[in-house]
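Everything on this sheet refers to the single structure shown next.
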Amino acid sequence: MIDIELFRKNPEIFEAEIKKRNMKIDVLADINLDKRRRKLISAVDGLRAKKNENTKNIPKLSGEEKNKAIAEMKKINEELEKLEVELAKVNEKFMARMATYPNISHESTPAGKDENDNVPIFFWGNKPEFDFTPKNHQEIGRNLDILDDDRGAKVSGARFVYLKNEAVFLEFALVQYVLNILYLKGFIPLIPPILVKERAMFGTGFFPAERTQYYKTELDDLYLVGTAEVPLCSYHADEILDVNDLPLKYCGFSTCFRREAGSYGKDMGGMFRVHQFDKIEMFIFSHPENSWRDYEFLRTTLEEIFRGLKIHYRILNMCTADIGSPNAKKYDLEAWLPGQNAYRELASCSNDTDFQSRRLNIKYKDENGKKGLVHTMNSTACAIGRTLIAIYENYQDKEGNVKVPEVLLPYMNGIEYISRK
RNA sequence: GGAGAGAUGGCUGAGCGGUUGAAAGCGCCCGACUCGAAAUCGGGUAGGCGGCCAUAAGCUGCCUCGAGGGUUCGAACCCCUCUCUCUCCGCCA
């Protein structure tokens, strides 16, 4: 949610932002709606003040005078009710309009029309060289009997998979490896609920913009989260954090569910784009003054995880067309996938500044008792499915076997090589 | 799923249908006392939305006692619905 006071006083900031993001919003119409709304608020408040005054006087009156006062009150009530109904309507409309406004992007976020305008800014490692044609993860996974997407489809439908045999150990090895790194950096580990109320989806900015992307339970008004970001951020909803605890760092392991509406035919087969996957997510509540410093820390932490796995990647500074509406800035980490001969997104890292904290009412209080909205930021630490893909494709050999990355060996029960059974 | 109890400020906990945004206590902040602290004394301590105003300070109006509706001139207090929490029973990883 944007700052309404800022919107009112500097609408040009939002005009510019909307243009930068290629969005179409009639800012002037919303400014006028706000004017109308405030006029109504004044009128309603005035009538209520009159009413409150009469309420105080009535007990002191008696007889004819009292009856007169009561009659007047009835008249005020009629007038008030009309105005209140109108105000409620206007207010609701205005708030719904405000909910469609995006966050103000950071000055370093490039303006762009599509994914071609994302700017690669860091590279690490080199493309591995093969003296054979590298296979894609689906082929590798099926051959080694560590990925079963056919039966996933049979049981649950397209875009569902079974991880099998060594893949299961790899998942838990990745979890161990990543959690250990994060724990040493002061992240508090959480395993959050993944079925959440609508408020959590709205508060984190996934609603109303991406409503169709998420599963809703039929009997209860609960939603399956698409990322642990939702319960991690909502964890401190309606709380005032001690400034000395900032930056407050959490990491959460969760299964993630995405409907992938609108991506028909894209990345079919295997487990690149699936409805269900597990992920470790990092989340930081930060003091606004340190927000951009903490955000870079998040990015370097993410990079450290992938450097340990020795997977070649690049970091993109995402342009305004590709960042989410709550994001002020977003980096994507794209790993090199030899089987696809392409860089593909494995992780993303966003600073949402005060957009989520305003919706979820998350504040800090400093030594002087001053309160302010915290900044929130999140990053993938490890999306298991896609990281497995990167491991399969980068660590494959001529025979189609897969070597286990060194950093995972301590957690693999002696498995060093995944080969055909 | 069945039965019962409850939801009031940072916390505990009072609240008669009409100066109750809310007693009291605790906590916290400021001041006095002290070399300093404790104790004691005095004062202050919710949030949201508007208006005046310099997007400050300050002043001021309105709203908020789980949520929504109803009764009433007037509701924290009466009525209805919902949500949540707790206890017991049943079921269950």
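The chains referred to below are lettered A, B, ... by the order of the sequence lines, with proteins before strands, and numbering in each begins at 1.
In this structure, A/Phe297 and A/Ile284 have side chains that are in contact, with non-hydrogen atoms separated by less than 4.5 Å. Two residues are said to be in side-chain contact when any heavy atoms from C-beta on lie closer than 4.5 Å; A/Ile121 and A/Tyr331 meet this criterion.
Residue-level contact check: A/Asn67 touches neither bases nor backbone, having no heavy atom under 4.0 Å from any strand. Base contact: A/Ile58 has a heavy atom under 4.0 Å from a base atom. Residue contacts shown for A/Lys56 are absent, as no nucleic acid heavy atom lies under 4.0 Å away.
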remark   = Its dot-bracket string being built from Watson-Crick and G-U pairs below 3.5 Å, with | for another strand and [ ] for crossing, RNA chain B has the pattern (((((((..(((.....[.....)))((((((.......))))))(((((((.....))))))).(((((..]....))))))))))))....
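Between A/Tyr364 and A/His287, the distance from one ring center to the other falls under 6.0 angstrom. Outside the 6.0 Å centre-distance limit, the rings of A/Tyr313 and A/Phe122 are not counted as a close aromatic pair. The aromatic ring centres of A/Phe207 and A/Tyr223 sit less than 6.0 Å apart. A/Trp292 and A/His375 have their aromatic ring centers separated by at least 6.0 angstrom.
Between the CG atom of A/Leu40 and the P atom of B/rG50 there is a distance of 13 Å, given to the nearest Å. Between the CE atom of A/Met1 and the C1' atom of B/rG48 there is a distance of 14 Å, given to the nearest Å. What separates CD1 of A/Ile4 from P of B/rC49 is a distance of 8 Å, to the nearest Å. Counting to the nearest Å, the C1' atom of B/rU72 and the CG atom of A/Leu80 are 15 Å from each other. Remark: C1' of B/rG48 and CG of A/Leu373 are 13 Å apart, rounded to the nearest angstrom.
The separation of B/rG42 from B/rC35, taken at their P atoms, amounts to 22 Å, rounded to a whole angstrom. Distance noted for atom P between B/rG90 and B/rU72: 48 Å (whole Å). Spacing of P atoms, B/rA76 relative to B/rC16, comes out at 13 Å, to the nearest Å. Rounded to a whole angstrom, the distance from the C1' atom of B/rU40 to that of B/rU34 is 12 Å. Rounded to whole Å, the P atom of B/rC77 lies 15 Å from the corresponding atom of B/rU71. Remark: the separation of the C1' atoms in B/rA7 and B/rA67 is 11 Å, to the nearest Å. Rounded to whole Å, the P atom of B/rU8 lies 25 Å from the corresponding atom of B/rG1. Going from the C1' atom of B/rA75 to that of B/rC80 covers 15 Å, rounded to whole Å.
Phosphate proximity of B/rU72 to A/Lys74: absent, as no side-chain N or O sits under 4.0 Å from OP1 or OP2. Of the side-chain N and O atoms in A/Arg8, one or more sit less than 4.0 angstrom from OP1 or OP2 of B/rG50.
Annotation: cation-pi pair A/Arg386/A/Phe277 absent, no NZ/CZ under 6.0 Å from the ring centroid and within 45° of its normal. A cation-pi arrangement is not found for A/Arg211 relative to A/Phe206, the charged atom failing to lie both closer than 6.0 Å to the ring centre and inside a 45° cone about the ring normal. For the pair A/Arg151 and A/Tyr162, the cation-pi test (distance below 6.0 Å, angle within 45°) is failed. Under the 6.0 Å distance and 45° angle rule, A/Arg258 does not count as a cation-pi partner of A/Tyr214.
The aromatic rings of A/Tyr250 and A/Phe285 sit perpendicular, their planes meeting at an angle over 60°, well past the 30° parallel limit.
Looking at A/Arg48 and A/Glu84, a side-chain N of the basic residue comes within less than 4.0 Å of a carboxylate O on the acidic one, giving a salt bridge.
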Polar atoms only, N or O, under 3.5 Å: list the protein pairs with nucleotides 52-59 of chain B and their distances.
unit_1	atom_1	unit_2	atom_2	d
B/rU55	O4'	A/Lys9	NZ	3.4

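Place A/Ser42 and A/Asn361 on RNA chain B by their nearest nucleotides, and A/Asn361 ends up nearer the 5' end. In this structure, A/Ile240 and A/Phe94 both approach RNA chain B, and ranking their closest nucleotides by distance from the 5' end singles out A/Ile240.
Among A/His275, A/Arg259, A/Gln276, the single residue meeting the side chain to side chain donor-acceptor pair (under 3.5 Å) criterion with A/Tyr215 is A/His275.
Picking from B/rC49, B/rG47, B/rC73 the nucleotide with the shortest atom distance to the side chain of A/Lys363 gives B/rG47.
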Summary of protein contacts for nucleotides 62-67 of chain B, nucleotide by nucleotide, where a base hit scores B, a sugar-phosphate-only hit scores S (4.0 Å, heavy atoms) = SS----
